Amino acid sequence: MGFFSKDIKTLDDLFVHTLRDIYYAEKKIEKVLPNMADRASDVSLKDSFDRHRDQTGLHIERLEKVFEMYGAEAKTIGCPAIEGIIEEADEVSGDIDDDKVMDAALIAAAQAVEHYEMTRYGTLIAWARELGRNDCAEILEETLAEERATDQVLTNLAESRINLRSAA
Ligand code: FE
Ligand code: FE
């Protein structure tokens, strides 16, 4: 379904559509994070992927809660954006033999994913408020805070050690 689907007429439709988009993305990310942890060499990076996989399970549960509160069916809508980010990461990292460079590539891919999630949750929170659903916005805020924290952990890892070593 394209973005300008004729099924989307109101902000309410758009809110539900976007919930289904991020629901799809979160499920995809939950599947991909263990592969990323396997390919990472740095122990802190592996740990951060493992921890975020557990958090991602929570993000999925929170979305299911929001669907329920909003009275919309919890279902996914294919999200070409997240597919593209993951596909590109696979293509780039497929050619890397050096462990340190691989870690740098994994961090870059993971940060692209986190930033995608942050834009989606930011938008959903604003729309939930506009729709008078502060209750839904509050739940989505919890997830947004975790995405931001994860992005910060990845930035710290990249800046403090991994990028430096790959440049050495
Ligand atoms: Fe998430
Ligand atoms: Fe995330």
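Quantities reported herein were computed from a predicted structural model and do not represent experimental measurements. Numbers for residues simply follow the sequence, beginning at 1. Both ligands and their constituent atoms are indexed starting at 1 by order of listing.
With E147 as reference, H59 is the one residue of Q55, H115, H59 to meet the side chain to side chain donor-acceptor pair (under 3.5 Å) rule.
Protein N/O/S atoms closer than 2.8 Å to the Fe ion (ligand 1): E26 OE1, E26 OE2, H59 ND1, E117 OE2, E147 OE2.
Judged by distance alone, the side chains of D47 and S44 never bring a donor and an acceptor atom under 3.5 Å apart. Side-chain atoms of Y23 and E64 form a donor-acceptor pair, as typed in the model, at a separation below 3.5 Å. Donor-acceptor pairing under 3.5 Å is recorded for the side chains of H52 and E114. Between the side chains of E138 and N134, no donor-acceptor pair of N or O atoms lies under 3.5 Å.
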Side-chain atoms of residues 67-84: list all donor-acceptor pairs with protein atoms under 3.5 Å, sequence neighbours left out, distances to 0.1 Å.
unit_1	atom_1	unit_2	atom_2	d
Y70	OH	D12	OD1	2.6
E83	OE1	K28	NZ	3.3
E83	OE2	Y24	OH	2.2

